[in-house]
Amino acid sequence: MRQIIAANWKMNGLAAPAQALATAVRDAAPSLGCELIVCPPFTQLAAVEATLRGSPASLGAQDCHQAASGPHTGDISAAMLAECGVRYVILGHSERRLNHGEIDETVRQKAKAAMAAGLVPIVCVGESEDQRAAGEHQDTVGWMIEGSLPEGFRGILAYEPVWAIGAGRSATAGDIAEMHGFIQGELARQFPDAAIPLLYGGSVKPDNAGAILAVPHVDGALVGGSSLDAEAFLAIARAATPA
Ligand code: PGA
């Protein structure tokens with residue numbers, strides 16, 4: 001299976017830099033041996049879709065609402081994303097869980113809505129620093145998986161330890177190996193019939209990407225800060241390209 005490298009631009013990207021970044025990814029994509037997913041903010045989806053059209057790189061969004069339509073001021077439904085040419089949607093990112101009060105059940109409903117609209121959810125789970133310090137990282141993530149993934153889940157899971165996001169320090173290869181082994185066991189138990197790629201996210205950079213992507217059970221990376229720099233993002237994508 002080719003590794004998956006997904007760019008989470010978060011709340012970054014006015015028109016000109018978004019266009020430059022998307023163009024750089026489009027131009028490099030055919031020479032790369034990994035799957036590329038670009039997740040711009042909502043306002044740039046249409047423009048980035050036009051840039052990526054016909055390219056092997058895919059378009060993703062960063063959230064959707066769990067309802068199909070209705071009185072949800074400021075929200076965007078999964079069908080609206082699908083109509084814009086979006087194929088993937090990040091759900092349950094820790095910044096949404098922390099800043100918008102999303103709980104596992106919200107994420108589960110969103111994942112159901114995304115699948116119903118034909119999108120592939122990228123669901124994020126990960127423990128806080130306190131939970132890790134208390135030795136609760138596996139239990140926390142196990143419960144998050146159980147609560148956030150709906151029955152019949154078909155999509156991607158991203159393990160993103162909250163303490164490593166935007167922190168400049170990623171989890172160590174040993175931490176990642178332990179957690180990805182544990183999570184793969186949970187996925188095999190809870191979803192025996194599904195092949196669910198498992199990404200790592202949290203301060204993935206060009207200088208640590210090779211080591212992280214070589215860890216067993218790591219099927220790719222969800223990249224925040226480094227995805228805003230075309231050179232850095234493409235260096236990570238090259239690290240995911242078999243020699
Ligand atoms: P980071 O973010 O690469 O900036 O740590 C990753 C993420 O939040 O998905």
Side-chain angles (χ1 to χ4, degrees), residues 3-13 17-18 21 24-25 34-42 44-45 48 57-64 86-100 102 107 110-111 114 120-129 131-132 137 140-141 144-145 148 155-173 175-176 179-180 183 196-213 215 218-240:
Q3 289 200 312
I4 298 166
I5 304 296
N8 176 9
W9 292 2
K10 308 192 179 184
M11 197 173 71
N12 297 289
L21 204 43
V25 173
C34 60
E35 302 295 332
L36 291 170
I37 304 172
V38 179
C39 305
F42 291 133
Q44 295 303 321
L45 284 174
V48 172
S58 301
L59 185 65
Q62 299 174 20
D63 181 43
C64 70
V86 167
R87 285 191 53 206
Y88 296 86
V89 59
I90 298 170
L91 296 173
H93 189 281
S94 63
E95 286 153 13
R96 296 221 49 100
R97 292 177 186 263
L98 289 170
N99 302 339
H100 298 268
E102 292 190 11
V107 179
K110 289 184 175 203
V120 179
I122 303 173
V123 173
C124 304
V125 296
E127 81 285 355
S128 68
E129 191 148 36
Q131 287 163 330
R132 176 162 282 268
H137 43 293
T140 301
V141 167
M144 288 177 92
I145 292 171
S148 303
I156 297 171
L157 190 67
Y159 167 60
E160 297 206 308
V162 178
W163 46 272
I165 294 176
R169 82 180 156 117
S170 78
T172 64
D175 290 337
I176 299 171
M179 286 305 284
H180 277 234
I183 293 168
I196 299 174
L198 179 55
L199 312 185
Y200 168 80
S203 297
V204 177
K205 294 175 284 199
D207 64 358
N208 63 20
I212 290 171
L213 292 168
V215 172
V218 171
D219 300 317
L222 181 53
V223 185
S226 294
S227 74
L228 297 172
D229 178 304
E231 216 168 290
F233 182 66
L234 294 173
I236 293 168
R238 278 193 295 275

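Start at 1 and go down the list; that is how both ligands and their atoms are numbered.
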S.K.: Between side-chain atoms of residues 220-240 and protein atoms elsewhere (two or more places apart, or another chain), which donor-acceptor pairs fall under 3.5 Å?
M.R.:
| residue | atom | partner | partner atom | Å |
| --- | --- | --- | --- | --- |
| Ser226 | OG | Val204 | O | 3.1 |
| Ser227 | OG | Val223 | O | 3.3 |
| Ser227 | OG | Gly224 | O | 2.7 |
| Asp229 | OD1 | Glu231 | N | 3.0 |
| Asp229 | OD1 | Ala232 | N | 2.9 |

S.K.: Should the ring pair His180 and Tyr200 be called parallel, tilted or perpendicular, given that the plane angle runs from 0 to 90° and is split at 30 and 60?
M.R.: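 His180 vs Tyr200 ring planes: tilted.
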S.K.: Please name the pair of heavy atoms, one in Ser148 and one in Val123, separated by the smallest distance, quoted to 0.1 Å.
M.R.: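 Smallest heavy-atom distance, with atoms named: CB-CG1, 4.1 Å.
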S.K.: Compile the protein residues with any heavy atom at a distance under 4.0 Å from an atom of ligand 1; present them by chain, then by number.
M.R.: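 Residue list for ligand 1: Asn8, Lys10, His93, Glu160, Ala164, Ile165, Gly166, Gly202, Ser203, Leu222, Val223, Gly224, Gly225.
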S.K.: Applying side-chain hydrogen bond (donor to acceptor under 3.5 Å, both in side chains) to Gln62 and His93, what does each step give before you reach the verdict?
M.R.: CA-CA 8 Å; Gln62 299 174 20; His93 189 281; over 6 Å; no
S.K.: Not counting sequence neighbours, list each pair that qualifies as a side chain to side chain donor-acceptor pair (under 3.5 Å) and has a residue in residues 162-171.
M.R.: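 Found Glu127-Trp163, Glu129-Arg169.
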S.K.: Could you list the residues that satisfy ring pair (Phe, Tyr, Trp, His ring centres under 6.0 Å) with Tyr88, not counting sequence neighbours?
M.R.: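 If we apply the ring pair (Phe, Tyr, Trp, His ring centres under 6.0 Å) test to Tyr88, skipping adjacent residues, there are no hits.
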